[in-house]
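Report on the following structure.
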Amino acid sequence: MARNKKVKTILLSLLSTKDTTFKSDKDFSNYEIYDYVLVKDDKLPLLKAVISFYDKETNNSSNLAFIYDDLCRKICFAVNEVEGVKTYEIDENSLLTYVGNGAVTTSIRQIENNVVLDYKITFSYEESTSTTTIKIDSEKPSN
């Protein structure tokens, strides 16, 4: 898929030797990238991109990676209820959207009952303490 090749190129250019998420697997064979947004935000000038991806090792597609300066912070925001059994997946109509102030929105679908859940995930970084915070808000189910 051409979009995945473009994302891989972008990821490689953004990641440094301090990265702990994707760097150990340079061929990305454990990840399938669904979507990404490049970020330009004056309030978080070091936030470069947010990537939505499927982790083949955990069989989970509810993952985001926040690329902040030379760091990559990975978060799984909807964990499988049974280990190895995919409970949720990114909804086919979901669009990863950067809404500002470190926040992105996306939607996942609960596989068992086909209910779509909207999420807002907010990344923040406190430079004085080198602390990363990620806030996850599940919004009402989509109709």
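For the single chain, residues carry numbers from 1 onward in sequence order.
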If I take atom [atom1] from residue [X] and atom [atom2] from residue [Y], how far apart are they, to the nearest 0.5 angstrom?
X: T105; Y: L96; atom1: OG1; atom2: CG; result: 7.0 Å
X: T133; Y: R73; atom1: OG1; atom2: CZ; result: 11.0 Å
X: I121; Y: I134; atom1: CD1; atom2: CD1; result: 9.0 Å

Partners of [X] by side chain to side chain donor-acceptor pair (under 3.5 Å), sequence neighbours excluded?
X: N93; answer: none
X: T106; answer: S94
X: N59; answer: Y54

So, [X] side chain and [Y] main chain: donor-acceptor pair closer than 3.5 Å or not?
X: D41; Y: N101; value: yes
X: D91; Y: S107; value: no
X: N60; Y: A78; value: yes

Could you list the residues that satisfy side-chain contact (heavy atoms from CB on, under 4.5 Å) with [X], not counting sequence neighbours?
X: T122; answer: A103, K120, K135
X: T129; answer: E126, T131
X: N113; answer: Q110, V115
X: K40; answer: none

(request) Locate the shortest heavy-atom distance separating C76 from N63; write the atom from each residue and the value. (result) CB-OD1, 3.3 Å
(message) Could you report the tightest heavy-atom contact between E89 and S61, atom names first, then the distance?
(response) CA-OG, 2.9 Å
Do you reckon [X] sits in the same ILVMFWY cluster as [Y], going by side-chain contacts under 4.5 Å, direct or chained?
X: V99; Y: L44; result: no
X: L95; Y: L64; result: no
X: I136; Y: F66; result: yes
X: I75; Y: L117; result: yes

(request) Could you list the residues that satisfy salt bridge (Lys or Arg N to Asp or Glu O under 4.0 Å) with D55, not counting sequence neighbours? (result) K74
Are [X] and [Y] side-chain neighbours, meaning at least one heavy-atom pair lies under 4.5 Å?
X: I90; Y: S52; answer: yes
X: N114; Y: R109; answer: yes
X: I51; Y: Y34; answer: no

(request) Would you mind listing every ring pair (Phe, Tyr, Trp, His ring centres under 6.0 Å) that reaches into residues 68-87, with sequence neighbours excluded? (result)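 As it turns out, the ring pair (Phe, Tyr, Trp, His ring centres under 6.0 Å) pairs with a partner in residues 68-87, which skip direct neighbours, are Y68-F123, Y68-Y125, F77-Y119.
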(request) Can you tell me which residue pairs pass the salt bridge (charged side-chain N to carboxylate O under 4.0 Å, His left out) test with a partner in residues 92-106, sequence neighbours excluded? (result) none
